[in-house]
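Atoms within a ligand are numbered from 1 in the order they appear, just like the ligands themselves. Residue numbers start at 1 and run along the sequence shown.
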Amino acid sequence: MKWEFETQRLILRHTFTIARGSSDFRETIRLAFTHEGITGWGEAAPNPRHKESPASVQTELAKLTAAKISGDPLAYRSFLNNLLPTLNHSYAARAAVDMAVHDWCGKALQLPLHRALGIDPEEMPPISKTIGIDSPDQMSQRAIESSDFKVLKIKLGTAHDRDLIESIRSVTSQPLRVDANEGWTDPEMALKEIEWLSTQNVELVEQPLSAERHDDLIWLKSRSPLPLIADEAVAHPEDIFNLASGYHGINIKLAKCGGIAAAQDLISTARAAGLKVMLGCMIESSCGIASAAQIAPLVDYADLDANLLLDNDPFDGHPVVDGVIRLSQLPGLGVSLRK
Ligand code: MG
């Protein structure tokens with residue numbers, strides 16, 4: 001068994017701004033798992049909020065080559081359970097390993113991963129196209145460029161959020177989803193914003209307040225006319241039990257929870273708690289996006305567009321047709337590294 005990895009710099013088409021800061025590029029780590037002549041691909045998107053960096057992920061992945069790993073990758077649940085503790089608490093690194101093993105399995109079985117997992121691609125929800133914080137004119141321009149999508153995800157959390165929404169509303173009537181990325185600080189003000197947003201064809205609001213302010217979120221949930229979705233507040237199944245009182249749903253990301261198997265566990269736990277489920281992404285290439293897309297038919301909302309924000313996607317993945325990812329019949333994740 002061979003594990004090879006390297007850092008790849010993903011250049012963003014437009015400077016990407018959220019309530020916490022701006023980026024022109026992000027670095028992810030591409031992982032190749034080769035065994036019996038088959039190579040599976042994975043991608044780690046390190047999250048600074050969880051104290052991960054490209055260097056820390058590389059340190060964790062280097063342990064794979066040192067560890068004497070054996071076992072049957074096709075029995076992927078037990079294979080991963082044996083392997084993942086090697087990687088400590090780097091969930092981005094775990095996600096890359098989980099993706100590469102799933103890709104390997106699909107290729108070994110000669111089945112697209114969603115087929116191997118019994119998932120119906122016809123149940124794929126539309127993806128939202130993300131528009132980062134910018135000037136009102138730039139954001140409405142992005143909305144015009146995104147007319148092919150069935151729903152837009154708007155980053156907010158500024159002192160002039162209503163101007164941004166009004167500018168977008170002047171050019172489109174598409175449904176919107178709003179992500180404040182913990183950018184609102186006062187619960188009463190957040191409620192006023194959400195009440196106003198509910199008159200603007202907004203479907204839901206993601207992480208309106210800091211994840212730490214759970215009591216305020218309980219207060220807000222009981223009054224909010226729109227569903228509240230936890231993102232920064234949720235990573236693992238054990239988080240769910242406390243969260244249900246403050247949110248109507250959760251945003252799962254493979255890089256936060258540790259991969260496809262962990263995401264499926266989270267989906268089941270969220271369903272048991274009566275929560276809606278969104279499947280989201282970090283800034284990552286078509287490799288990470290394809291991994292989430294393979295299980296996206298299991299969720300209510302898909303926010304899987306990061307590859308579309310890139311200028312130099314290293315992978316070919318699945319096409320988006322009329323705002324919906326159409327999973328190909330290629331085996332595994334269905335991605336290939338561009339030459
Ligand atoms: Mg979010």
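- A salt bridge between Arg177 and Glu203 is present, with a side-chain N of the basic residue lying under 4.0 Å from a carboxylate O of the acidic one.
- Shown are the protein N/O/S atoms under 2.8 Å from the Mg ion (ligand 1), given by residue and atom: Asp179 OD2, Glu206 OE2, Asp231 OD2.
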- request: Go through the steps for His50 and Tyr91 under the test ring pair (Phe, Tyr, Trp, His ring centres under 6.0 Å), then give the verdict.
  value: CA-CA 9 Å; His50 299 144; Tyr91 285 90; 8.2 Å; no
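- Sorted by first and then second residue, the ring pair (Phe, Tyr, Trp, His ring centres under 6.0 Å) pairs with a member in residues 313-339 read Trp41-Phe315; sequence neighbours excluded.
- Annotation: side chain to side chain donor-acceptor pair (under 3.5 Å) contacts of Thr172 (sequence neighbours excluded): Gln174.
- Under the side chain to side chain donor-acceptor pair (under 3.5 Å) criterion, no residue pair touches residues 221-230, with sequence neighbours excluded.
- Lys155 and Asp161 are not joined by a salt bridge, as no carboxylate oxygen comes within less than 4.0 angstrom of a charged side-chain nitrogen.
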